[in-house]
Every structure is written in C-alpha cells, then in structure tokens.
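Okay, structure first, notes after.
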There are 2 protein chains.
Amino acid sequence: MQNRLTIKDIARLSGVGKSTVSRVLNNEGHVSPQTRERVLAVIEQQSFLPSKSARAMRGQSDKVVAIIVSRLDSPSENQAVRTMLPLLYEQGYDPIVMESKFSVQRVQEHLQVLQQRAADGVILFGFTGLDEQILEGWQEKTVIVARQYQGFSSVCYDDSGAVNLLLNQLYQQGHRHISYMGTHEADTTTGALRTQAYQAFCEHKQLEPVLILGELTYHSGYELAEGILRPDTTAVICASDSIALGVAKYLQQQHKSDITLCGIGNNLLMRFLFPQALTVELGYGRAGTEAVRLLMSQLHSAPSGQHIIVPCQLADPLP
Amino acid sequence: MQNRLTIKDIARLSGVGKSTVSRVLNNEGHVSPQTRERVLAVIEQQSFLPSKSARAMRGQSDKVVAIIVSRLDSPSENQAVRTMLPLLYEQGYDPIVMESKFSVQRVQEHLQVLQQRAADGVILFGFTGLDEQILEGWQEKTVIVARQYQGFSSVCYDDSGAVNLLLNQLYQQGHRHISYMGTHEADTTTGALRTQAYQAFCEHKQLEPVLILGELTYHSGYELAEGILRPDTTAVICASDSIALGVAKYLQQQHKSDITLCGIGNNLLMRFLFPQALTVELGYGRAGTEAVRLLMSQLHSAPSGQHIIVPCQLADPLP
DNA sequence: TTGTACGCGTTATCAC
DNA sequence: GTGATAACGCGTACAA
C-alpha cells in the first residue's frame, strides 16, 4: 500500500538513471526498446505509481477539475455529474465535487480553494444571481452548464425546444386548451425561456394561454394546480417533472383522469407512477458528456467561448 | 487570477526571509507581531495563496479525501455525501467523488488512483461482494459506511431498529396482520438484518409472518404487492421507501386505502404523494457527519476500527 | 526572532 | 540513447 517508492528507486532497481525512467513513464521516444522493457518490468513488479503532487508541482497541472453543482440531489445535475465522472477519470483527471446551493458566496469560496490547488478546470452549473464578473479570469478553464455567459463556453438545454415538442405533440393530438405551469425560480433564464415558448406557441396557433408561475417543486405544483384548470382544459404542461408530480397528485385526487399531463425531465419515478404522462428527455447525460468534451478541448489548446445546445426528445411512450 | 506569486515573492515584498513567511502561513509562533502583521498585509494585498501541490509534496498530505459512493443518485448516499462536503471543506480537505456502481473492479481502480494521489483518507460506501481483502492496507485511512468490516471503522444504520420501530408502532395501533416486503439485494447485510427483525418480532408476538423478498425498486414492489396481501392483512412494511412507492401504487389501483403502508428512508416525494404512509428516518445526514468525524479523528491520531450505529426515528407524522 | 541551505519527487536541459 | 544536474514551491533543521 505505502507507495513510498520513487522514480529514483525504480532507476536504481533497473540499473538506469532517473531521467530514463521518467522518459519511460511519459512514453517519450529516445529510449531503446530493451531499456524501456526492463524499466517497465520493474515498475510493474513494484507496482510503482508516480506521485501526482510532484508531477503537479513540476508540470503546473494537478490534473484536477472541479464540478460545482448547485444541488447534488437535483436529479438533472446528478445525472449530468454521473456521466462526467468516468469521462474525467479516463483522461486522468480527478474530479472534486462542490455544492453551491445557489449561493454566490459559496461559489467564490470554492473558486478560491480551486485556485489554491491550481485546478486545471471547472465545470460550473449556473444559476440566477451568479454574475459573470465573479468568474473573472476563469474563462479559459471553465465550462458553464445550463446558462450562457459572455466569453465562457457553455452547455445548455433546449428549453424552448422541449416545450415546443410537447406543444406540437398535444396540438397534433387535437388538444386546443393547454394550460401551462411554469416557474420564475432557480434559473431565471430557463424558466423564462420555457414560458416564452409556451406563449409564442399560443399566439402563433391562436390559442388562449392559461398559465401560472410558481416554484420548482411538487408542492407548488399541487397548490397551484387548481388555478390553471379551466372547464375546457384538456392538457397541462409543466415546466418540470417535479411540478408535474404535484399536479398529477391533484388531478388524481380530483379524479380528472381525462387531462393529459406533461412534464420535462424524464423523471423515472414519475414515469412509473404516472405512465400516461408525457415528458421530455432534456439530455442531462449528454450535457455531461459535452461539458467534459468542451473542457478537455479547451484545456488542451483551444478556443474558449463555444456554446452547445443539447438536443432534447420526447421520452419513449410507455407500454 | 494567475496565482504565480510564490512564498519567495512575498518574502521579498515584505522584506523578510521565506521561512518567516512560511511560519506566518502556518500560524507558527516564534515570529514577532510586527513582522507577522507586515507579512500578512502583503499576503492579503497580493491575495497570495500557497500552492497545495507543493505543500502536499513536502508534508505528505495532499489534504484530499475520496468519497466512493455506489450510486450517486441513491437518495441515501446522496444525502450523506451532501452533509460530508461542507464538513470536509471546513477542515481544509478537498473531496473527490467516485462511483463504484457496485463494481469491485471499479473500487480497485479508484483506490489505485487515490494511492497515486496520496489521498489522505477514503470514505467508502460498502456493498455486497466488496471483500475486505481488496481494502488491504487502507484500514487507517478509511471509514466504511453501511457495512462493517473487520479492522475498519464504520458507520452503519440501525436496520433492525428501524423495522422494530415500525412494528411496534403498528402493533400498538392494534395491527396484528402485518406483511413484509424485503430484499436480498444490493447490500445483503442490510436486507437480511431487516428481514430478521421482522421475523423475530413475529415470533415474539406470535404473529403469522407473511413476507416476500424482491429487488430494491418500486417496480419490484409493485409486481410483488399482490403476493403479500392476504384478506386479513391490515398493514405492510417495506424494506425501503422505493419498494413502498411501488406497493403504494398497487394499493391505490386496487382502492385498498385501508391498509397502512410503511417504508424506510423518509423519502420526501413519498411523503408528499402518500402522506398517510409511515416511514423511518434512518439518519443519512447524520451518518455523513459521523463518517467525517471518524475519519478526521483517525487521520489526526487515532485508533482505527470503531463502529458507529446511527440512531433512527419515525418520521414526524404529517399534518 | 530571523535568515540560509537543503530536500521532497518529478520533469527539462544539457552534455556525453 | 542515456545520465547527471538544475529547477519547481514549500517546509524545516540549523546557523546567525
């Protein structure tokens, strides 16, 4: 266990100089096949691992990236993080996870620690109130998720696309009285984009918009459900599956099983409990992949300031 | 942003030697108040931060601990992790999060990386199949959560206590025909302990045990629900809230609202959707706290091999 | 009390 | 192709 062997020991054991061992470790050329093999054998046999801290100090790179989520128990962020982790390991990076809990100050504290550790990169889940001036100087090593910032690379979700997907589906099924329950919370941008998509669609199709904005919770969905149900309402779109779960409970209690319910997020539990509900897979996992890809390319060379929008799709209908 | 200042620069700027700066940084004595103040001023002014990698190399400690969860989206582990993070920051440790996904090999790979990085400590969520010999040599720097291993410190949940809590409550309410849906999955120990608690209680109170073992999912709960409902059944205890959610759906579909449903885990969504159900708060957050506390004490001096059982309690009845 | 010199494990730059 | 040697930023005996 105690990895107290150093490159020097390996050198001694294989009868070469430390430089040669270093060359072998870093797959550099200019070392004869026999020597390389011999050194590799010793390394293998001693199960030697070079010290990361020493490398970090020498090479500037600690091979560390931070993932700053807003809430680790948010299903969306959680899912994105889960796809990031293995990708980062693959590249030899260790991910350190931090929670901002929507607090700007916490982000600042985290960034300070990261600076101290000379972190190579940061993947940051944006939220309302997080000003870009706080991120001054981090543009080259940072990728923002779920929000766009001037000068920063980012990976965003297709908020209006998701709402339109649902609206089109419903419209095609003949629905003409579709209510909407949105939010102005958590991430203003996201909430606003979804609301706007709904409003635009209604205007375009000459439908009467019936909407209400609340919080991004099932409690809120439940409480406000009554307010968006008109006598002629045949479908309800919710800005998230959390909200939809709240509305679903209300609908069930009122025995209004004839109303088509829609959410966004492809929440597994919701699909289990209310399989008839429609929902959109926003692509959280995909967002994780893209964020890592973007960050890596940026760290290895590269132009900062790219924006990626992850495509969404209707979740497969359940049997 | 570019923290390219070194301790040497600070020394020059404040007109002292590097050692003095070092002493100030580490709050060591033997430095005159005036000098200290002067150095601190420069540090503050230049917003200087000592390089972690350099310190790590020198002092052996990277101030890094790893948290190896089995699944990041498990509500229990998630909650435990969330309480760990701030505690670790407080102590100056950076947590790097890894997922095992119940794979022994992945744990091994992770440990290898950690060894390379000279991680100070590891908090590992145990699971079935994870043999203790894989952890050879890590006992002093490791705390296991949710399982006990010979020679390792651990933090466990009160599995039998939780079941007994529910059983006593039900029994006291007059229930005499209580079915049980358990699991042999995920973590054998946990599953077995809960099942045994149920069986022991039945024997002790002369009740007829009706039980079935399935997977730890709501799907499984739903599928198997029929099998544990006898005509005289008045209550059902599930080994977890996930299972309970499945059973709840079945009960609702069958309009069996007269059956008292119980779960374990205090899942928020379940409490929202089925507020009449009983559930036990197992103490995930508390477990996180204890795990960190244990690890810290171990790293700072200390005796390894302690076992802590986190107390559980009935979740408060909902209004 | 303060400054100097050296070592930690690795990589980069030279000579050979 | 290979091996000394000097950095990297910091901690720390030891000398002043």
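Because the structure is a prediction, the values reported are computed rather than measured. Reminder, nothing fancy here: chain letters follow the sequence lines and each chain counts from 1.
With no hydrogens or angles considered, no side-chain donor-acceptor pair links B/Ser103 and B/Gln105 at under 3.5 Å. For the 3.5 Å distance criterion, the side chains of B/Ser153 and B/Gln298 qualify, holding a donor opposite an acceptor. Using modelled atom types and a 3.5 Å distance limit, the side chains of B/Arg55 and B/Asn26 yield a donor-acceptor pair. A donor and an acceptor atom, one from each side chain of B/Thr35 and B/Ser32, are located under 3.5 Å apart. Of the N and O atoms on the side chains of A/Ser70 and A/Glu77, at least one donor lies less than 3.5 Å from an acceptor on the other residue.
In this structure B/Arg36 satisfies the salt bridge (charged side-chain N to carboxylate O under 4.0 Å, His left out) test with no other residue, sequence neighbours excluded.
Counting non-hydrogen atoms under 4.0 angstrom, A/Gln34 reaches nothing in the nucleic acid.
The phosphate of C/dT11 (OP1 or OP2) has a side-chain N or O of A/Ser22 nearer than 4.0 angstrom. Between A/Ser53 and C/dC8, a side-chain N or O to OP1/OP2 separation shorter than 4.0 Å is absent.
Per the geometry, CZ belonging to A/Arg38 stands 12 Å off C1' belonging to D/dG1, to the nearest Å. Across the protein-nucleic acid pair, B/Glu37 atom CD and C/dT1 atom P stand 16 Å apart, rounded to whole Å. In this entry the distance linking CZ of B/Arg55 with C1' of C/dT10 reads 20 Å, nearest Å. Atom CG of A/Leu25 and atom P of D/dT2 are 15 Å apart (whole Å). If you measure from atom NZ of B/Lys8 to atom C1' of D/dG11, you get 14 Å, rounded to the nearest angstrom. Remark: P of D/dG9 and CG of B/Asp9 are 8 Å apart, rounded to the nearest angstrom. Look at CD1 on A/Ile10: it is 17 Å from C1' on D/dG3, rounded to the nearest Å. Put simply, CZ on B/Arg36 is 11 Å from P on C/dT1, counting in whole angstrom units.
Here the side chain of B/Met57 is nearest to one of D/dT2, C/dT11, D/dG9, namely D/dG9. Taking only side-chain atoms of A/His30, from C-beta outward, the nucleotide of D/dT2, C/dT2, D/dC10 with the closest atom is D/dT2. In the set D/dT12, C/dT10, C/dC8, D/dT12 carries the atom at the smallest distance from any side-chain atom of B/Glu28. The A/Ser32 side chain lies nearest to D/dT2 when the options are D/dT2, C/dT11, C/dT2. In the set C/dT2, C/dT10, C/dG3, C/dT2 carries the atom at the smallest distance from any side-chain atom of B/Val31. Residue B/Ala54 has its side chain nearest to D/dG9 when only D/dG9, C/dT10, D/dG11 are considered.
More than 12 heavy atoms of other residues, nucleotides or ligands lie within 6.0 Å of CD in A/Gln46, so this atom counts as buried by the packing criterion.
In terms of position along DNA chain C, the nucleotide closest to B/Pro33 lies nearer the 5' end than the nucleotide closest to the other residue of the pair A/Asn26 and B/Pro33.
When side chains are defined from C-beta on, A/Leu130 counts as touching A/Tyr149, because their heavy atoms get closer than 4.5 Å.
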Between protein and nucleic acid, restricted to nucleotides 4-6 of chain D and to nitrogen or oxygen atoms under 3.5 Å apart, what atom pairs and distances do you find?
| residue | atom | partner | partner atom | Å |
| --- | --- | --- | --- | --- |
| D/dA4 | N7 | A/Ser19 | OG | 3.1 |
| D/dA4 | N6 | A/Ser19 | OG | 2.6 |

